[in-house]
Amino acid sequence: MGGIDGHLRLLDQTRLPRAVFEIDCHNIEQVWEAIRSLRVRGAPAIGVAAAYGICLVGKAALGVSPAAFVSAIEAGCDYLATSRPTAVNLFWALQRMRVLAETAADAAHAEEIAVSLLREAKKIQDEDAETCANIGRIGAELLRDGDGVLTHCNAGALATCGDGTALAVIFAAHRAGKRLRVFADETRPLLQGARLTAWELVQYGVPCTILCDGAAAHAMKEGLVQAVITGADRIAANGDAANKIGTYSVALAAAAHGIPFYVAAPQSTFDLSLSGGESIPIEQRPPGEVTGVSWPAPPPELEVFNPAFDVTPARLIRAIICERGLIEPVTAERIASIFATAPGK
Ligand code: MRU
C-alpha cells in the first residue's frame, strides 16, 4: 500500500504454486474475504493484512469529522475480528490500530489520523520482518549439520513479512552452512506444506521431501528426523500452543521418539490473557475442504470434522523460539519472565 489513497496488494496463496497471482483489495470487505478464504494466511501475515485493511476503512472515511472517522475505524476493527478466530496476531494488530485511532481522535482532520494509521500498519509490517530475522538467528543454533527437520503447515515467508518463523530458523541454519533436509508434512486438507512450504524451500535451495501427514511418525521411527519445528497461531500463558491441525499428533510422535519439538513464534502470537490452551478458540472450517479435494470422493451426506487447528500442550514442547530469546523450559514462569521487560504487550 503506497499512500492513504492506495490499496492493498496481496499474493493469492490459494493459487500457489501453480499460479503466482496477486489480488488488489480496495475495501475492507475484500480484505475480510482474503483472510477468511486463506488468500492471505499464517498468523503474522493475517495481522499485517488486517492492519492495512483498517487503512482502507480510513481511506473510505476521509471526508468525515475526526470523531466519525474514529467510529468508522472501530467498526472496521470489530468487523475484521470476525474473519478468523484462532490466530491472535489478528486481534493484536487490530488492537494496535484501534488504540492509535482512539488516541489521535482530537486531531484537526481525519486525514491526519489516516496518515498515522498507515504509518502504524507499516511499522507492524517492518517489525515483523525484524522479528523473523531474530527468530531465525536464535533458532539456527539448535540445528546441527546433517539434521533432518520436520515441519508442519507453512510458517515461512508467505506467512509473515520476513523469512517466516519455523522456516526462518531453517533458512538461517542453511545460510550458516548447515546441511539440512526438511521433511514437509503435506498438511491436509489445504496442503500448506506440500504447496507453500515446499515451494519456499525449493526456491531457497534447501533440500526438501514432502510426506503425507500420516507418514511423520514413521519417518521419525526410521531415523530421518532429528528435530521438529513448527509455527504457532496462539500461545497461552503456560506455553500451550495452537497451530495447524495435525501439529499435536506430530508433537506426540516426536515425544515418543525422543526428538525435540520446537515452536517458533513471535511475541505477538502469545495470548497471556489465557492461562492454558483449553481456552484457545479453534476454528472449524467448511466440510468441503475435506471432501472436495479427495478422490475418489467419499460418500455424500457424510458428517465432516474439520478443525483448522489443535493445541499442543507445553509439556511436549522442548523450547519456544521467540525474538525475545529461547523459552526453555516452556513454563508459565519462564514465559512471564521473558516478557516482563518486553515492549508492546
Ligand atoms: O490456516 P493457516 O494456513 O493460516 O494456518 C497457519 C499455521 O498454522 C501456521 O503454522 C501459523 O500461523 C504460524 S505462521 C508463522
Side-chain angles (χ1 to χ4, degrees), residues 10-16 34-50 83-93 124-125 127-129 131-136 139 150-171 182 184-200 213 228-235 241-251 261-271 277 280-286 289-290 306-312 317 320-323:
L10 295 168
L11 187 58
D12 185 347
Q13 297 191 35
T14 62
R15 300 186 59 170
L16 288 172
I35 294 173
R36 170 62 70 102
S37 62
L38 275 61
R39 298 185 201 286
V40 58
R41 49 145 299 282
I46 292 171
V48 175
S83 56
R84 291 190 79 186
T86 303
V88 77
N89 308 60
L90 170 67
F91 310 100
W92 168 85
I124 294 173
Q125 177 180 359
E127 284 172 7
D128 188 56
T131 292
C132 292
N134 285 328
I135 288 175
L150 187 129
T151 190
H152 191 80
C153 194
N154 171 266
L158 290 166
T160 63
C161 299
D163 263 357
T165 58
L167 290 197
V169 172
I170 288 163
F171 293 148
V182 177
D185 280 354
E186 63 173 353
T187 317
R188 280 277 286 147
L190 298 180
L191 305 179
Q192 288 94 329
R195 293 189 302 111
L196 308 177
T197 296
W199 188 67
E200 285 195 40
D213 300 347
V228 178
I229 311 180
T230 73
D233 287 83
R234 193 186 294 225
I235 303 175
N243 192 51
K244 179 53 55 194
I245 189 72
T247 304
Y248 177 36
S249 315
V250 171
F261 178 92
Y262 301 109
V263 169
Q267 187 181 353
S268 53
T269 296
F270 283 78
D271 183 350
I280 298 176
I282 299 294
E283 179 181 13
Q284 296 289 329
R285 304 259 329 156
E289 290 181 352
V290 176
N306 186 20
F309 301 96
D310 57 26
V311 176
T312 298
I317 305 171
I320 300 176
I321 308 158
C322 182
E323 77 274 24

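Every number for a ligand or one of its atoms is a count from 1 in the order of the listing.
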Suppose we screen for salt bridge (Lys or Arg N to Asp or Glu O under 4.0 Å). Which residues come up paired with R195, at least two apart in sequence or across chains? none
Please list, chain by chain and in numerical order, all residues satisfying side-chain hydrogen bond (donor to acceptor under 3.5 Å, both in side chains) with E200, sequence neighbours excluded. N154
With rounding to the nearest 0.5 Å, note down the distance linking NZ in K244 to OG1 in T151. 13.0 Å
For T86 against P281, the heavy-atom pair lying closest together: OG1-O, 2.7 Å
Distances under 3.5 Å, N/O of ligand 1 against N/O of the protein: list each pair and its distance.
residue	atom	partner	partner atom	Å
ligand 1	1 (O)	R84	NH1	3.4
ligand 1	1 (O)	R84	NH2	2.8
ligand 1	1 (O)	K244	NZ	2.7
ligand 1	3 (O)	R41	NE	2.5
ligand 1	3 (O)	R41	NH2	3.4
ligand 1	3 (O)	Q192	NE2	2.9
ligand 1	4 (O)	G42	N	3.1
ligand 1	4 (O)	R84	NH1	2.9
ligand 1	8 (O)	D233	OD1	2.9
ligand 1	8 (O)	N243	OD1	3.1
ligand 1	8 (O)	K244	N	3.2
ligand 1	10 (O)	N243	OD1	2.6
ligand 1	12 (O)	A43	N	2.9
ligand 1	12 (O)	D233	OD1	3.2
ligand 1	12 (O)	D233	OD2	2.9

With side chain to side chain donor-acceptor pair (under 3.5 Å) as the test, pick out the partner of N306 among R285, Q284, E289, E283. E289
For D213, check salt bridge (Lys or Arg N to Asp or Glu O under 4.0 Å) against everything at least two apart and list the hits. none
